[in-house]
Amino acid sequence: MFTASLMERAISVLRSNDTGFFTKPGPNQYPHQWNWDSALIALGLSHFDLPRAQLEIRSLLSGQWQDGMLPHVVYHHTTSDYFPPASFWQIENSPHAPDNPTSGITQPPLLATVIRRMHSRLPMPDFVQEVYPALLDWHRWLHTARNADGSGLVGIIHPWESGTDDSPRWLDLLAAIQPENIPEFRRGDTRYVPAIERPHRAEYERFIHLIDVFRKLNYAPAELLAHSPFLVQDVLFNAILFRADEDLRALAASLGQPTAEIDGWLSKMRLNFDARFWNGTNGLYYDYDLRAGEPIQVNTAATFLPLFAGLATTKQLQRLVEEHLLNPREYAASGEVRHWVTTTARAEPTWESRRYWRGPVWIIMNWFLIEGLQRYAYNKLAEIIRQDTLGLIEAAGFREYYDARDGSGCGSENFSWTAALALELSDRSMEENES
Ligand code: DGY
């Protein structure tokens, strides 16, 4: 059903956003190179142009900081009307900043997982050898510079680091921040996308205020941990990191590199993950606010990420699926909501059907969920969600996100990771794995 023409169209979206050495996530809305977008874009490119996929990764790594941080945006000296521009970050005040202009924060570490998958499909030992040291440096930076409480679970300092900017998970924390003297700025994000589909002004002001705090601290990691008003252990980020550490370990083993350091990270995260995130009363994983010292009790699709990481027990899996994923008041496609899966449980009072991370379907979240369900052999449910996801893309095009009620597209058009994941989700080998 989802055959040549969807794949051809996906390829043409990736080609049309290609600048030659990096791929824009969206043609107008996102004109630079974003970290986790880029990882998925490389995965998509690897289906039809492996050398170009490798170049995508090299370009991303050219923005790596000297202390190992891989930033959330690499600007590559290209000018645009995107806000904030490279100069806004003032990264030159950090001794670790690279020559390539970048942002001063990071994003969920998907890259090792993507590279392992590419390598398992089409072995590329020379490329793995080339990029392995940079991957190891980034993971080491995460496990040290962001090991805020010694638990081995990493902290994030900005909602943009979670990749889920205005998720209801962050709303109370942001509301508690009272920004003073916010630098003057003019939003660019509502130029190409209706304001109703973008974060509210109150959240956006705090995004900018946080950057101002960080640049005044010259991005010194210890200062950021000590003073960032936003410091959170995010279930999604930590689950992705755990999975990426496993994948990094596999890459290390394939190169004959030592794995003891990575094993140490994995065992510490595994030891502390449940105690920190699992809520046995509600059968959900919750993020943890390190500043307030308490869990953030908001029900979003981030709760399913431990499936992607293989961190949930069978009992936890059953509770997540039966009490939440299949629950028509939360995530199940039923009634007014026709598509899998809204990024926030519909029962949450802050749910909004078209606003960015407040409710719409995001293809990346569906991909995490499908992969997670397959990992636990819930293949029938994974297949229902896979078909629905591809159907959404087929009907509404390669959009950034979708209204779960009617499947209409929201946000950027011709969105690169939607195209990349359409290729990944259409891959025949997934169908062969079905039960
Ligand atoms: C944006 O500009 O909305 C991005 O999500 C920030 O990374």
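In each ligand, atom 1 is the first atom listed, and ligand 1 is the first ligand listed. Count residues from 1 along the sequence.
The N/O atoms of Trp34, backbone and side chain alike, include one that comes under 3.5 Å of an N/O atom in ligand 1. Between Arg198 and ligand 1, an N or O atom pair is found at a separation short of 3.5 Å. Polar contact check, Tyr204 against ligand 1: no nitrogen or oxygen pair lies under 3.5 Å apart.
In this structure, Arg405 pairs ionically with Asp403, as a charged nitrogen and a carboxylate oxygen lie closer than 4.0 Å.
Looking only at protein heavy atoms, the nearest one to atom 1 (C) of ligand 1 is Tyr82 OH, 3.5 Å. With respect to atom 5 (O) of ligand 1, the closest heavy atom belonging to the protein is Asp165 OD2, 2.7 Å.
Screening Leu236, Val232, Thr344 for a side-chain contact (heavy atoms from CB on, under 4.5 Å) involving Arg169 leaves a single residue, Leu236.
Residues that satisfy the ring pair (Phe, Tyr, Trp, His ring centres under 6.0 Å) test with Phe398, not counting sequence neighbours, are absent from this structure.
Closest approach of Arg206 and Ile177 over heavy atoms only: NE-O, 2.9 Å.
Inspection of the Thr343 and Arg358 side chains reveals no N or O donor paired with an N or O acceptor under 3.5 Å.
Below 4.0 Å from some heavy atom of His72 lie the following atoms of ligand 1, by number and element: 6 (C), 7 (O).
Tyr376 places a side-chain N or O within 3.5 Å of a backbone atom of Ala312 that can act as its donor or acceptor partner.
Residue contact annotation: Tyr356 has a non-hydrogen atom under 4.0 Å from ligand 1.
Of the heavy atoms in Trp36, none comes closer than 4.0 Å to ligand 1.
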